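Written out below as structure tokens is the structure these notes cover.
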Amino acid sequence: MTDIASIVSEIAEDMRAHEHRGKVADYIPALAAVPDSKFGIAVVLHDGTVHTAGHAEEPFSIQSISKVFALTLALGAVGDQLWQRVGREPSGSAFNSIVQLETEHGIPRNPFINAGAIVVCDVLLGRLQPREAIGQMLRFVRMVAGDESIAIDEAVASAEQDTGFRNMALANYMRAFGNVHAPVELVLGTYFHFCALAMSCRQLAMAGRYLMDGGRSDGHSVISPRRARRINALMMSCGHYDNSGDFAYRTGLPGKSGVGGGILAVAPGIASIAVWSPGLNPSGNSHLGQIALERLVQRTGWSVFEPRLSGA
Ligand code: DON
């Protein structure tokens with residue numbers, strides 16, 4: 001039998017010693033200040049067992065991982081109508097790129113690039129005030145993680161606002177195409193607060209249980225099994241921006257990264273996994289986080305492309 005506890009602690013030990021750690025995001029002081037020596041991993045198994053190692057209890061800025069939760073809320077609000085305003089194709093471009101928006105008439109390629117997540121926020125603001133949307137997001141992540149202590153780091157949210165010129169350009173550009181309806185500053189205020197959610201690896205892996213378990217978390221239905229499958233498919237194809245193909249090749253898992261250095265990955269029916277190491281690769285994904293997930297899959301066979309003769 002595979003001993004997950006030993007695998008998890010061995011991976012953390014290997015990552016501690018790793019020399020090349022990637023480059024920590026430095027566009028805001030709160031991210032620049034995080035030491036690149038940090039590494040955490042949490043694995044929540046289908047039976048509820050949790051294995052952690054390294055700095056797994058330390059909250060970090062989840063940044064773009066919040067785009068998964070925002071998508072879940074927007075699909076809950078408007079269902080498949082969302083796809084009239086956002087695509088479902090990998091962009092092959094940087095997470096904050098504007099180039100495709102011109103030829104594609106302000107319709108972002110997918111909900112996991114910045115432009116797509118901004119439209120997702122605008123969709124939520126079709127029914128809610130920003131304060132209500134932010135409250136709904138907080139309640140949602142606390143509920144799926146089973147942890148009322150999860151909070152938004154207001155210093156990060158306001159620093160994002162002060163430096164978010166590209167996001168302002170994206171939102172204004174899409175507004176010119178009629179694909180952002182609410183005032184741009186309200187849409188971005190909501191988006192920046194989502195990015196500023198602070199969660200530990202344990203909290204994030206717990207929050208990902210509904211994607212691991214066909215839409216169920218702790219025995220409760222959060223979304224339908226079909227929706228969970230589809231969100232996982234989008235994470236597999238688009239969760240790591242222009243690095244998504246390589247991540248899928250290396251791990252065979254749906255995953256979503258953030259520039260805080262976190263990655264949420266899902267082995268459907270088996271485990272929800274969160275890793276954190278703040279040093280990034282050139283696409284803005286955690287360098288060691290990806291290596292750690294690749295090792296985990298090599299040792300457990302958890303890739304979704306692994307034949308499962310039992311049919312489990
Ligand atoms: O909106 C932005 O550009 C930042 N808050 C970072 C988003 C992000 O995490 C992209 N990911 N890798």
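Read the numbers this way: they start at 1 and go in the same order the structure lists the ligands and their atoms. As the structure is a prediction and not an experimental result, all values here were calculated from the model. Excluded from the calculations below are hydrogen atoms, water molecules and symmetry mates; all remaining heavy atoms, backbone and side chain alike, are included.
- Residue contacts with ligand 1 for Phe112 are absent, since no atom lies close enough (heavy atoms, distance under 4.0 Å).
- Within 6.0 Å of the CD atom in Gln129, the count of heavy atoms belonging to other residues, nucleotides or ligands does not exceed 12.
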### Stepwise salt bridge (charged side-chain N to carboxylate O under 4.0 Å, His left out) test for Arg85 and Asp122
CA-CA 10 Å; Arg85 296 179 57 190; Asp122 188 60; 2.6 Å; yes

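- Distances shorter than 4.0 angstrom do not occur between any heavy atom of Asn96 and any atom of ligand 1.
- The Asn167 neighbourhood of ligand 1 comprises atoms 1 (O), 2 (C), 3 (O), with distances under 4.0 Å to a heavy atom of that residue.
- The contact set between ligand 1 and Tyr241, taken as ligand atoms under 4.0 Å from a residue heavy atom, comprises 10 (C), 11 (N), 12 (N).
- Of all the atoms in ligand 1, the ones that sit under 4.0 Å from a non-hydrogen atom of Gln63 are 4 (C), 5 (N), 6 (C), 7 (C), 9 (O).
- Note: Trp276 and Phe60 have parallel aromatic rings, judged against thresholds of 30 and 60 degrees for the angle between ring planes.
- Distances between N or O atoms of Ser64 and those of ligand 1 include at least one value under 3.5 Å.
- Remark: ligand 1 atoms within the under-4.0 Å shell around heavy atoms of Val259 are 6 (C), 8 (C), 9 (O), 10 (C), 11 (N), 12 (N).
- Of the N or O atoms in Gly284, one or more lie within a sub-3.5 Å distance of an N or O in ligand 1.
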### Message
side chain to side chain donor-acceptor pair (under 3.5 Å) for Asn243 and Gln290? Distances and angles first, verdict last.
### Response
CA-CA 11 Å; Asn243 190 213; Gln290 290 192 344; 2.9 Å; yes

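- The shortest N/O to N/O separation between Phe192 and ligand 1 does not fall below 3.5 Å.
- Judged by distance alone, the side chains of Tyr210 and Ser221 never bring a donor and an acceptor atom under 3.5 Å apart.
- Side-chain contact, Ser257 with Asn285: a donor N or O sits under 3.5 Å from an acceptor N or O.
- Electrostatic pairing of Asp14 and Arg295 counts as a salt bridge here, judged by a charged N lying under 4.0 Å from a carboxylate O.
- Near Tyr191, with a cut-off below 4.0 Å to any heavy atom, the atoms of ligand 1 are 1 (O), 2 (C).
- Between Ser283 and ligand 1, no pair of N/O atoms sits closer than 3.5 Å.
- For ligand 1, the atoms sitting less than 4.0 Å from at least one non-hydrogen atom of Glu160 are 4 (C), 5 (N), numbered in the order shown with element in parentheses.
- Summarising the geometry of Thr72 relative to Val68, their closest heavy-atom pair is OG1-O, 2.8 Å, with the distance given to 0.1 Å.
- Here atom 2 (C) of ligand 1 lies nearest to Asn114 when heavy atoms of Ile62, Leu31, Asn114 are compared.
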### Query
So Arg202 and Glu57, salt bridge (charged side-chain N to carboxylate O under 4.0 Å, His left out) or not? Walk me through it.
CA-CA 6 Å; Arg202 178 192 289 271; Glu57 311 293 342; 3.0 Å; yes

